[in-house]
Amino acid sequence: MLDLKFIRSNPDTVKLAARNKGEKVDIDKILELDKKRRDIIGEVEKLKSERNVATAEIARLKKEGKDASGLIAEMKKLSDRISGLDDELRETETEINEKLLWVPNIPHESVPVGKTDDDNVEIRKWGELKSFDFKVRPHWEIGEMIGGLDIPHGAGVSGSGFYFLAGPLAGLERALINFMLDLHTREHGYSEACIPYLVGESAMRGTGQIPKLKEDMYQIEGDGLYLIPTAEVSLTNINAGEILPPGSLPKKICAFSPCFRREAGSYGKETRGIVRVHQFHKVEMVKIVEPETSYNELESLLENAERVLQSLDLPYRVRVLCTGDLSFAAAKCYDIEVYAPGMDSWLEVSSCSNFEDFQARRMNLRYRPDKGAKPIFPHTLNGSGVALPRTVAAILENCQTKDGQVVIPETLRPYMGGMDRIGK
RNA sequence: GGAGAGGUGGCCGAGCUGGCUGAAGGCAGCUGCCUGCUAAGCAGUUGAUGGGGUUAAACUCAUCCCCGGGUUCGAAUCCCGGCCUCUCCGCCA
């Protein structure tokens with residue numbers, strides 16, 4: 001959420017940002033409502049001030065045993081007017097807030113202006129694309145060959161977009177989770193958290209999934225809860241509504257969680273295999289930091305995520321998203337895409353974003369820089385470190401052998417009881 | 001799920017037979033003073049949001065005692081709904 005005062009004094013900046021992001025919002029309508037709101041406030045507060053004076057007078061008269069009925073009758077009328085104006089004010093504010101929730105964050109000046117995925121700019125590549133002296137297979141074929149990737153039964157139990165992992169492949173999944181958490185907690189300075197997977201509507205609003213992306217969320221009927229699409233929601237909202245004390249930033253937390261996404265409207269795209277599913281596991285990193293430091297923190301967050309792929313020796317590229325591909329709440333975002341030779345495509349396994357104070361404002365998360373200082377909105381960031389199914393797919397495809405085995409990356413072997421390959 | 005109790009400022013804790021109570025008292029914090037040092041003591045001070053105002057402050061007005069409604073000239077105080085916490089019972093990994 002943007003600061004209403006900022007919108008008031010920089011309407012053109014906000015309009016341009018929305019246009020570059022491909023969002024339609026009526027800023028002028030918001031400004032008009034804001035004007036109306038301030039007019040009402042001026043009037044209603046004047047009346048309340050009058051009432052406060054009269055009320056004290058009534059109290060005094062009564063104490064002295066004098067008659068106050070005339071004044072009381074007068075105040076009754078005044079109070080009616082006040083409550084009428086209060087209603088109107090409340091309605092106006094509700095309307096403004098509702099509209100503010102639909103105003104996207106402003107892209108950072110370093111973000112390239114563009115429309116689609118094609119306008120994203122590659123920052124760097126890491127690792128060698130391996131050459132194979134046999135016909136490389138996509139991960140779903142390898143998964144079937146070595147056993148353990150069971151998509152049909154997932155579909156049978158839960159519908160399309162769900163799958164089972166079994167045996168050593170399930171072990172690979174668990175090894176990856178443990179490895180990533182160990183890396184981030186032991187070497188990157190994050191503290192580990194176990195988090196709620198079901199969250200309330202206010203948390204979803206806080207990080208920006210609601211209202212705009214509501215259709216993509218699984219909702220629990222009857223309880224008003226949502227299944228998290230990412231651990232970001234629980235982690236970033238952890239101190240929502242609070243004022244963090246001096247010295248408490250930066251706060252760096254990571255967590256493993258399942259992620260649930262309806263993927264509404266994306267059928268037909270990338271549906272083979274396990275690169276687009278309704279439920280997957282992910283290790284997520286979240287930072288809450290002082291505003292001046294947030295862009296440095298974004299770079300180190302990105303490095304933390306890259307380390308995962310480097311340790312696994314998987315080639316990847318990093319791209320900075322253009323304005324049109326940037327998500328609603330983000331000011332800047334890097335995607336990390338791992339190369340999958342079987343599919344001959346780059347799979348997004350991490351998004352590292354800086355939201356500046358957009359989320360903090362929505363969830364009223366504040367920070368007091370020094371004792372006695374005014375609270376400010378901290379900046380929030382998050383990045384996947386990294387998403388599992390696509391990483392598993394990339395391992396299967398990059399580490400496959402001619403005779404249909406998969407060589408386990410050395411880093412993971414200690415996590416798999418020393419096992420060095422999967423397959424017959 | 002059933003039965004009770006409760007949610008007040010950074011913390012503890014009064015007020016809750018409605019009226020200078022944004023809120024006593026205490027602790028913590030800050031600023032002076034004082035005392036060889038420390039401790040103690042004395043005086044003062046310390047919340048948030050929004051409107052107006054200012055280059056910025058100062059200043060000023062309104063609102064805020066879990067949240068949302070209601071009663072009333074006036075509510076932290078009374079009434080209704082919700083959320084959360086605690087205790088006991090039931091259930092359960």
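Note on naming: letters A, B, ... go to the chains in the order of the sequence lines (proteins, then strands), and numbering restarts at 1 for each one.
- A distance of about 23 Å separates the C1' atoms of B:G10 and B:G50, rounded to the whole Å.
- Nucleotide B:A48 holds its P atom 16 Å from the CD atom of A:E242, rounded to whole Å.
- Taking atom P in both B:U35 and B:G26, one finds a spacing of 26 Å when rounded to whole Å.
- Across all strands shown, B:U55 forms no Watson-Crick or G-U wobble pair with both key distances under 3.5 Å.
- The nucleotide B:C88 finds its pairing partner in B:G2, both defining distances of the Watson-Crick or G-U wobble pair being shorter than 3.5 Å.
- Taking a pair to require two hydrogen-bonding distances under 3.5 Å in either a Watson-Crick or a G-U wobble arrangement, B:G47 pairs with B:C64.
- B:A76 sits 24 Å from B:C83 when the P atoms are compared, rounded to a whole Å.
- The pair A:K48-A:D86 counts as a salt bridge, with a side-chain nitrogen and a carboxylate oxygen less than 4.0 angstrom apart.
- Rounded to the nearest Å, the gap between the P atom of B:G22 and that of B:G13 is 23 Å.
- B:U46 atom P lies 14 Å from atom CZ of A:R368, rounded to whole Å.
- Comparing the P positions of B:G9 and B:G68 gives a spacing of 15 Å, expressed to the nearest Å.
- Looking at A:K115 and A:D119, no side-chain N of the basic residue comes within less than 4.0 Å of a carboxylate O on the acidic one, giving no salt bridge.
- The separation between A:E43 atom CD and B:U63 atom P is 15 Å, rounded to whole Å.
- Atoms CG (A:D86) and P (B:G50) sit 17 Å apart, rounded to a whole Å.
- Following rounding to the nearest Å, A:L78 (CG) and B:A62 (P) show an atom-to-atom distance of 13 Å.
- More than 12 heavy atoms of other residues, nucleotides or ligands lie within 6.0 Å of CG in A:D216, so this atom counts as buried by the packing criterion.
- Note on A:P245: nothing from the nucleic acid sits closer than 4.0 angstrom, heavy atoms only.
- Rounded to an integer number of Å, the gap from A:E93 CD to B:A62 P is 17 Å.
- Pair assignment for B:C42: B:G32, on the basis of Watson-Crick or G-U wobble contacts that are both within less than 3.5 Å.
- Note on A:S49: a side-chain N or O is less than 4.0 Å away from OP1 or OP2 of B:A62.
- Comparing the P positions of B:G82 and B:G2 gives a spacing of 12 Å, expressed to the nearest Å.
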Check: residues 245-255 of chain A side-chain donor-acceptor pairs under 3.5 Å, at least two apart:
from, atom 1, to, atom 2, distance (Å)
A:S248, OG, A:P245, O, 2.5
A:K251, NZ, A:N239, OD1, 2.8
A:K252, NZ, A:H188, O, 2.8

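- Residue-to-nucleotide proximity on RNA chain B shows that, of A:A56 and A:K48, the 5′-proximal contact is made by A:A56.
- For the pair A:K46 NZ and B:U63 C1', the interatomic distance rounds to 18 Å; values are reported in whole Å.
- The separation between A:I376 atom CD1 and B:U49 atom C1' is 17 Å, rounded to whole Å.
- Checked options A:N120, A:L321, A:V318; the residue passing with A:Y334 is A:V318 (criterion: side chain to side chain contact (heavy atoms under 4.5 Å, CB included)).
- OP1 or OP2 of B:U63 sits under 4.0 Å from a side-chain N or O of A:N52.
- B:C78 and B:G18: their P atoms are spaced 9 Å apart (whole Å).
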Report summary line: Each nucleotide of nucleotides 68-75 of chain B classed B (base within 4.0 Å of a protein heavy atom), S (only sugar-phosphate) or -, in 5' to 3' order, makes -S---BS-
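- Figure legend. B:G74 is base-paired to no nucleotide; pairs are counted as Watson-Crick or G-U wobble with both atom distances under 3.5 Å.
- With respect to the salt-bridge test (charged N to carboxylate O, under 4.0 angstrom), the residues A:R37 and A:D34 qualify.
- A donor-acceptor pair shorter than 3.5 Å cannot be found between the side chains of A:E348 and A:Y316.
- Distance noted for atom C1' between B:C61 and B:G53: 11 Å (whole Å).
- Panel note: side chain A:H139, backbone A:I274; a donor-acceptor pair is recorded below 3.5 Å.
- Of the options A:Q359, A:K287, A:E297, A:E232, a side-chain hydrogen bond (donor to acceptor under 3.5 Å, both in side chains) to A:T380 is made by A:Q359 and by none of the others.
- Residues A:A59 and A:V44 both approach RNA chain B. Their nearest nucleotides, taken by heavy-atom distance, put A:A59 toward the 5′ side.
- Taking every heavy atom of both residues into account, A:C259 and A:T230 meet most closely at SG-CA, 3.7 Å.
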Requested in this report: Would you give a per-nucleotide map of nucleotides 51-57 of chain B, 5' to 3', where B means the base has a protein non-hydrogen atom under 4.0 Å away, S means only the sugar-phosphate does, and - means neither?
Outcome: SS-----
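- Ion pairing of A:R60 with A:E64 is present here, as a side-chain N (NZ or NE/NH1/NH2) and a carboxylate O approach within less than 4.0 Å.
- Taking only side-chain nitrogens and oxygens, A:R366 never comes nearer than 4.0 Å to OP1 or OP2 of B:A48.
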